[in-house]
Amino acid sequence: MADIPHFTVLPRHIGIIMDGNGRWAKMRGLPRTEGHRKGAEVFRDITTYCCELGIEVVTFYAFSTENWRRPPEEVGVLMNLFRDFLAETQRREQENEKMGFRIRFIGDMNRLPEDIRSLAAVLEARSSSQTHTTVNVAVNYGGRQEIVRAARAFAEKVKAGELTPDEISEEDFSAEIYTAFQPDPDMIIRPGGEFRLSNFMTWQSAYSELYFTDVYWPDFTREELNKALTEFDRRNRRFGGI
Ligand code: FPP
């Protein structure tokens with residue numbers, strides 16, 4: 001394994017938009033779903049590397065609220081990849097415990113098949129005391145949907161007389177969204193050559209450093225993450241000077 005380079009400043013929380021799977025597959029004359037399969041392997045490796053680096057939180061955009069519009073076969077393959085990941089996480093529980101992995105799912109899990117929902121809930125609960133690295137997997141996630149959900153929760157509290165509208169603060173909002181009590185992402189990485197956030201962590205990304213690369217997600221390696229971290233380090237070290 002290659003040595004970990006020295007970084008002066010590391011992000012506490014990294015967000016990753018796993019994009020470019022379909023194009024990666026097309027370039028090779030493969031079905032799009034092969035790109036997702038390779039993408040799932042890369043997801044595992046980058047997760048492990050983030051843990052080795054001591055990153056506190058890493059959030060992966062795995063399935064957006066818009067992704068239901070894809071052909072049923074592709075949605076089915078993605079669901080099966082989530083199943084495989086859950087089964088593997090369950091199998092490797094002891095190893096994950098040793099590494100200090102906490103797993104969380106963010107998004108509206110209600111629309112997911114029952115077996116995925118229930119195993120996800122079990123694994124979340126069983127890893128909830130781990131503190132080294134939290135892995136948030138965003139599934140059926142949308143940043144605007146997350147904000148609307150929080151607004152509804154406040155509306156209910158106001159209706160119940162527990163809160164007045166002018167008492168609602170940014171801190172209250174941060175505590176009501178899926179990533180409550182986690183630091184906001186210091187850096188968001190988007191491979192795949194597009195320059196937008198596509199409804200990913202809309203509330204949390206207000207001050208995030210953004211890093212875009214043309215590399216497709218299935219080709220994203222530890223070396224690519226090092227490049228992003230070096231850039232993050234460079235941007236942050238500037239704050240120390242005059
Ligand atoms: C976007 O690429 C990627 C997705 C919609 C799916 C990402 C999911 C995985 C990598 C599956 C593994 C995840 C876990 C948690 C096991 P795209 O298909 O939009 O690519 P394109 O823009 O090139 O078409």
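Just so it is clear, the structure is predicted and the values come from calculations on it, not from any experiment. Heavy-atom basis, side chains included; hydrogens, waters and symmetry copies ignored. Just so you know, ligand 1 is whichever comes first in the structure, and atom 1 is the first atom listed for that ligand. Sequential numbering from 1 along the given sequence is applied to the chain's residues.
Under 4.0 angstrom from ligand 1, there are no non-hydrogen atoms of Lys26. Looking at Trp24 against ligand 1, nothing comes within 4.0 Å, counting heavy atoms. When heavy-atom distances to ligand 1 are checked against a 4.0 Å cut-off, Asn67 comes that close only through its side chain, counted from C-beta outward. Only the side chain of Leu78 comes within 4.0 Å of ligand 1, counting heavy atoms alone; its backbone N, CA, C and O stay farther away. Only the side chain of Val137 comes within 4.0 Å of ligand 1, judged by heavy-atom distances. Residue contacts with ligand 1 for Arg44 are absent, since no atom lies close enough (heavy atoms, distance under 4.0 Å).
Every N/O-N/O distance between Glu74 and ligand 1 stays at or above 3.5 Å. In terms of polar-atom proximity, defined here as any N/O pair under 3.5 Å, Tyr61 makes no such contact with ligand 1. Inclusion of Gly22 in the set of residues having an N or O under 3.5 Å from an N or O of ligand 1 is warranted. At under 3.5 Å, not a single nitrogen or oxygen of Trp217, backbone or side chain, sits near a nitrogen or oxygen of ligand 1.
Under 3.5 Å, the side chains of Trp203 and Asp184 contain no donor-acceptor pair of N or O atoms.
At least one heavy atom of Arg32 sits under 4.0 Å from some atom of ligand 1. Residue contact check for ligand 1: Ala62 places a non-hydrogen atom closer than 4.0 Å to it.
Of all atoms in ligand 1, numbered sequentially from 1 with element shown, those under 4.0 Å from a heavy atom of Ala40 are 10 (C), 12 (C).
A side-chain hydrogen bond (donor to acceptor under 3.5 Å, both in side chains) check over residues 75-84, counting only residues at least two apart or in different chains, returns the pairs Asn80-Arg83, Arg83-Asp115.
Follow the hydrophobic side-chain contacts under 4.5 Å out from Ile16 and you never reach Ile106; the two are in separate clusters.
Salt bridge Lys227/Glu223: absent, no basic N to carboxylate O contact under 4.0 Å. One finds no salt bridge joining Glu95 and Lys98 here, because no Lys/Arg side-chain nitrogen approaches an Asp/Glu carboxylate oxygen to under 4.0 Å. Salt bridge status for Arg234 with Glu209: absent, with no side-chain N to carboxylate O gap under 4.0 Å. The pair Lys157-Glu176 meets the salt-bridge criterion, with a side-chain N (NZ, NE, NH1 or NH2) lying under 4.0 Å from an Asp/Glu carboxylate O.
What sits closest to atom 4 (C) of ligand 1 on the protein, heavy atoms only, is His36 CE1, 3.8 Å.
Every side-chain contact (heavy atoms from CB on, under 4.5 Å) that Arg91 has, sequence neighbours left out, goes to Ala87, Glu88.
Using a 4.5 Å cut-off on side-chain heavy atoms (C-beta onward), Asp172 and Phe154 make contact.
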